[in-house]
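What follows is a set of notes on a single structure, which appears directly below.
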Amino acid sequence: ATDDAGADELDPGDGQDAPEDAPATSGPSATPTSEPTATQSPTLVPEPTPAPAPTLNLDVVGLPDLDGPAAYEAWLIVDGRPVSAGTFRSLAGGVSLPVDDGAAATAVVLTIETDDDPAPSETHVLAGPLVAGEATLSVADPGAIGVDFGAAAGEYILATPTDGTGSPENERSGIWWTFIPRAQSLVLPELPPGWIYEGWQVIDGRPVTTGTFVSQFGEADLAAPFSGPQVGPPFPGEDFLANAPAGLEFPRDLRGTEVVITVEPLPDTSVDPFPVVPLRGTVPADAIDHRSYPVDNVADAMVTGTAVVS
């Protein structure tokens, strides 16, 4: 005979519930997962610190502060194209400018700007190629004025051709860039657009213009503010006979004064000499009129600077 009651005890299926203390499983080795409590905070990952923007640092000694509409502008040459790094009026103490394209730049150019045109002006003052983030800036670089003043030379005479022949006592009150007999004495390279030559006489420590000129070959300069009534010779120069600036008296014996040739930006917003000076000299204290005297080549003292992208 079969013991049905014993079989039922071994098979709890048949509608009977499993014991309440039997563990619930989900797979052979399941592990209970705990949820974060209300007092726990999620782990925060700090944001990465952005790298500082590159900076263009300019160190130039000798360039004057600009005023009026004029300002310096620094440019980086990136893929052969100029990218503005910013404008400023003074280089005293150095200039630092944030730049976006410093790593890709191949050269630095410094210009003088007098308008809002987004393109660089023709008046390039200094330039230099960037090598490992550093550049030596010079006037002679092809990206700047780009001419060699090493062979510049000149001689002048003391004479006053614009007062006629009636005032021999004034013959040492004029200076002209010529030999005797009349011949061109200045040897200067042709300037690029954006620049012009200007002559100066430094009288009692005060620079007084003798006029600007584009070409020194058989042409007068573009002004005669102090000359007499006669037409001057076809060479740069000036007679200091009339219309003296306040504080000076003309006629003026020029012996012992300084004579200078500068390179000036165009347009020129300053009445003072620009510090690009190829020729300079002092009229001898015993100078004789109508005798030629040479000046010194001072091109080695041209303004220079450095640029660093870091």
Side-chain angles (χ1 to χ4, degrees), residues 53-78 82-115 117 119-150 152 189 191-198 200 207 260-280 297-310:
T55 300
L56 173 63
N57 302 291
L58 298 172
D59 184 7
V60 178
V61 177
L63 286 180
D65 294 352
L66 299 180
D67 53 19
Y72 295 109
E73 187 160 6
W75 304 83
L76 295 178
I77 306 303
V78 180
V83 178
S84 176
T87 60
F88 44 92
R89 295 186 184 275
S90 176
L91 283 148
V95 172
S96 294
L97 303 167
V99 292
D100 294 328
D101 301 300
T106 57
V108 177
V109 178
L110 184 65
T111 65
I112 295 177
E113 305 292 330
T114 56
D115 55 36
D117 190 332
S121 74
E122 294 180 322
T123 312
H124 293 202
V125 185
L126 297 171
L130 276 166
V131 179
E134 298 185 3
T136 297
L137 307 178
S138 72
V139 167
D141 187 270
I145 297 177
V147 297
D148 183 5
F149 294 101
L191 296 175
W195 296 97
I196 194 168
Y197 288 111
E198 187 164 5
W200 302 86
V260 183
I261 297 292
T262 64
V263 180
E264 300 288 324
L266 283 177
D268 190 357
T269 62
S270 173
V271 297
D272 296 320
F274 197 72
V276 176
V277 183
L279 299 175
R280 184 190 299 272
N297 183 305
V298 292
D300 289 344
M302 290 275 184
V303 61
T304 60
T306 60
V308 177
V309 176
S310 60

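Along the sequence shown, the residues carry numbers beginning at 1.
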How far apart are the closest heavy atoms of [X] and [Y], and which atoms are they?
X	Y	result
Asp141	Pro129	OD2-CD, 3.6 Å
Thr114	Pro267	OG1-CG, 3.7 Å
Val309	Gly102	CG1-CA, 3.6 Å
Ala307	Leu58	CB-CD2, 3.7 Å
Gly86	Ser84	N-OG, 3.3 Å
Gly143	His124	O-ND1, 2.7 Å

Which distance, rounded to the nearest 0.5 Å, do you find between the [atom1] of [X] and the [atom2] of [Y]?
X	Y	atom1	atom2	result
Thr123	Tyr72	OG1	OH	11.5 Å
Trp200	Ile261	CH2	CD1	11.0 Å
Phe274	Ile196	CZ	CD1	14.0 Å
Thr306	Leu126	OG1	CG	10.5 Å
Leu63	Ile112	CG	CD1	7.5 Å
Glu73	Leu97	CD	CG	10.0 Å

Main-chain N/O of [Y] paired with [X] side-chain donor or acceptor, under 3.5 Å:
X	Y	value
Thr55	Asn57	no
Thr106	Ile77	yes
Glu198	Thr262	no
Thr304	Ser138	no
Ser270	Asp272	yes
Asp65	Ser90	no

Go through the steps to decide whether Leu76 and Val99 satisfy the test side-chain contact (heavy atoms from CB on, under 4.5 Å), and finish with yes or no.
-> CA-CA 9 Å; Leu76 295 178; Val99 292; 3.9 Å; yes

Under the ring-ring contact (aromatic ring centres under 6.0 Å, His included) rule, collect the residues that match up with Phe149, sequence neighbours excluded.
-> none

Are the side chains of Pro278 and Met302 in touch, meaning some heavy atoms are under 4.5 Å apart?
->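 Side-chain contact under 4.5 Å: yes.
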
Would you mind reporting whether Leu137 and Leu110 have side-chain heavy atoms less than 4.5 Å apart?
->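 No, side chains not in contact.
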
